[in-house]
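Read the structure below first, then the notes.
Values below: all heavy atoms of this structure, side chains included; hydrogens, waters and symmetry mates excluded.
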There are 2 protein chains.
Amino acid sequence: MDDIEALRDFSRFYTQRLGLLGQSYLGSGLGVTEVRVLWELAFGAQGSAREIAERLGLDEGYLSRLLAGFEKKGWIVRAPDPEDARRRLLRLTGEGKALAASHDKASRAAVGGFLGQMSPDARALLGDGLARVKQAFNPPEACELKDLAPGDAGWIVERHGLLYARDEGYDATFEALVAEIMADFLRSHDPARESGWIAWGGGRRLGSVFCVSRGEETAQLRLFFLEPEARGLGLGRMMLDACLTFARDKGYRELVLWTHESHAAACRLYDKAGFERIGRRAAQEFGQDTVIIDYRIDL
Amino acid sequence: MDDIEALRDFSRFYTQRLGLLGQSYLGSGLGVTEVRVLWELAFGAQGSAREIAERLGLDEGYLSRLLAGFEKKGWIVRAPDPEDARRRLLRLTGEGKALAASHDKASRAAVGGFLGQMSPDARALLGDGLARVKQAFNPPEACELKDLAPGDAGWIVERHGLLYARDEGYDATFEALVAEIMADFLRSHDPARESGWIAWGGGRRLGSVFCVSRGEETAQLRLFFLEPEARGLGLGRMMLDACLTFARDKGYRELVLWTHESHAAACRLYDKAGFERIGRRAAQEFGQDTVIIDYRIDL
DNA sequence: GGATAATAGTTGACGGCGGCAAGTGACTGG
DNA sequence: CCAGTCACTTGCCGCCGTCAACTATTATCC
């Protein structure tokens, strides 16, 4: 099954199994669209009817009627806009807010009941899948660095192994090297002077960075990685800064690292952050000819 | 954001961004429901109107009218069922089949165009996410064993690290041990007499199993793992059999393995497969008191 | 075997969803 | 000041889908 077929299949599956869920207009006597509009009024960005219609993909005429109905029921007031007499400012009344809140609560309960029937494993799998689908369309804006948790080290090995094989043609010995580095780190790193982090964003691991000791005064940055979809968004810079801050706090005087010349984006990042290139050496590693660049920076 | 909120959020997102896609009734002049019915007639299991109504969640009366329309347009014929005069056998005409096929093609093209705008990375992420969501509801029925590919070793480390920490309370040294085992295997296993496999099902990795040498005549089974959602479906037995077959083919005379007594399901599997318990020893490992069972079987 | 219930399907009535297009008053740019 | 645009409204209408009544057939139970 190719990915076109996979998406079509999922779409059929979704409309059958999950379609009813999100709206969960059950019991409220409200239609699906009414609920969506109400939700937009209550929790979405403030805006004119025009904007709401656009956001929800509704016909303006239809929305106008819906809003008239809302007003008649006392859920909203439509006051003339002093700045533009064509527009009308939409505002929920107390009653409207209460309705939105109660509906929100009911919907939460319905979804909770649905999830409650699933096993914890299936729920975890579902959450994981949803996060991925969503990120495929909305790149993450921010990420948070967290200390290594169980499974993180393996994830680092996997992503390094897969992406360096795909993008650089490295063979399996590279994945083995990363696995060994991680095994060493897990077993015998010095928590007082060394640390590793996973960048989390949108419910998913997006990258990794490690700061380890190369002597009393020298720290080394290793295993700096970002998922391809998360590159070019400034997350790398944030991770690098976090690592520099850690190294300074721990009393190191300089930080070194090496990377491959072919990683243009990474090299640009280090150059811009004030690192200086202190070496350039050719090497044959992992079944490929590579050029390694050594960097350092004063802390 | 907890998982209830995540699902609600996804649902909103889906109706906005992807809702139109699946149906893709664009241009055909057909309504969403008509397309679904047509699809069911063309590609779904054969059945009465009643069954189709049930499968698609439609009102019988409404469906009856739809089918009458289809017949009038020459897409289907409704012949009386010789076995049950209440029923009518539904069959697509040549014209109906052609319509379904052309619509299927158009829909494929529409989805393809949509996916074509995405980056390959995003597409991969999407496919991965969809597979997970779907498996959260439909457990995989079958799996296929594949040789180790880039990233697989890391995945094994991750899953062992995460699940043994969660279920058994093991500390990080367990993940380190698995990482080291994988590093050794990748670097220096004997491809002629040793192998490792990943079980794939539903577009996802579901488990792992390895067969390695412990001398000329003795093979060892290691890193036997199945995702929790994929347990109890007979996949484990299939993987075990594949490993036994491999060991026999390579000329080993016996296969040994050890596991923890707390893995009731795994122990049952080995017992049922004809393994004999040759040892039972207490050990303190990975921050926990454990009981290890040694197994062996003649090949 | 006959009353009764269940099943497959049809039909009419009806309400709500939502698209389309014409219309109204207000703003904007030349 | 006039044409064009914009935010919104309104009337019209078709489609989607529900409900309930109805027919014809089959299954069930005593």
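Read 5' to 3', the first and last nucleotides of DNA chain D with an atom closer than 4.0 Å to a heavy atom of chain A are D:dC6 to D:dC12.
Remark: C1' of C:dG19 and CD of A:E60 are 12 Å apart, rounded to the nearest angstrom. Taking atom CG of residue B:L63 and atom C1' of nucleotide C:dA8, one finds them 11 Å apart after rounding to whole Å. As a whole-Å value, the separation of A:L66 CG from C:dG19 P is 11 Å.
Counting only residues at least two apart or on different chains, the ring-ring contact (aromatic ring centres under 6.0 Å, His included) pairs with a member in residues 73-99 of chain A are A:F70-A:W75.
Under the 4.0 Å criterion applied to side-chain N and carboxylate O atoms, B:R8 and A:D104 are assigned as salt-bridge partners.
In this pair, B:F10 and A:F10 present their aromatic rings perpendicular. The plane angle is above 60°, beyond the 30 to 60° band.
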* With salt bridge (charged side-chain N to carboxylate O under 4.0 Å, His left out) as the test, would you mind laying out the steps for A:D2 and B:R108 before giving the verdict? => CA-CA 11 Å; A:D2 63 3; B:R108 233 192 104 81; 2.8 Å; yes
* For B:D128 and B:R132, run salt bridge (charged side-chain N to carboxylate O under 4.0 Å, His left out): C-alpha distance rounded to whole Å, both residues' side-chain angles, the deciding distance at 0.1 Å, then the answer. => CA-CA 6 Å; B:D128 215 46; B:R132 278 159 203 260; 3.5 Å; yes
* Criterion salt bridge (charged side-chain N to carboxylate O under 4.0 Å, His left out) on B:R205 and B:E227, from CA distance to verdict -> CA-CA 8 Å; B:R205 297 184 186 103; B:E227 287 286 350; over 6 Å; no
* Hey, mind stepping through B:R36 and B:E40 against salt bridge (charged side-chain N to carboxylate O under 4.0 Å, His left out) and telling me if it holds? -> CA-CA 6 Å; B:R36 289 177 72 200; B:E40 198 66 34; over 6 Å; no
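The salt bridge (charged side-chain N to carboxylate O under 4.0 Å, His left out) check on A:R231 picks up nothing, with sequence neighbours excluded. When the salt bridge (charged side-chain N to carboxylate O under 4.0 Å, His left out) test is applied to A:R91, no partner is found at least two apart in sequence or on another chain.
Contacts between residues 69-80 of chain A and DNA chain C, counted as heavy-atom distances below 4.0 Å, involve no residue at all.
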Just the atom pairs and distances: protein N or O near nucleotides 20-29 of chain C's N or O, under 3.5 Å.
{"unit_1": "C:dC27", "atom_1": "OP1", "unit_2": "A:A85", "atom_2": "N", "d": "3.0"}

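Across all their heavy atoms, B:Y62 and B:D59 have their closest contact at N-OD2, 3.0 Å.
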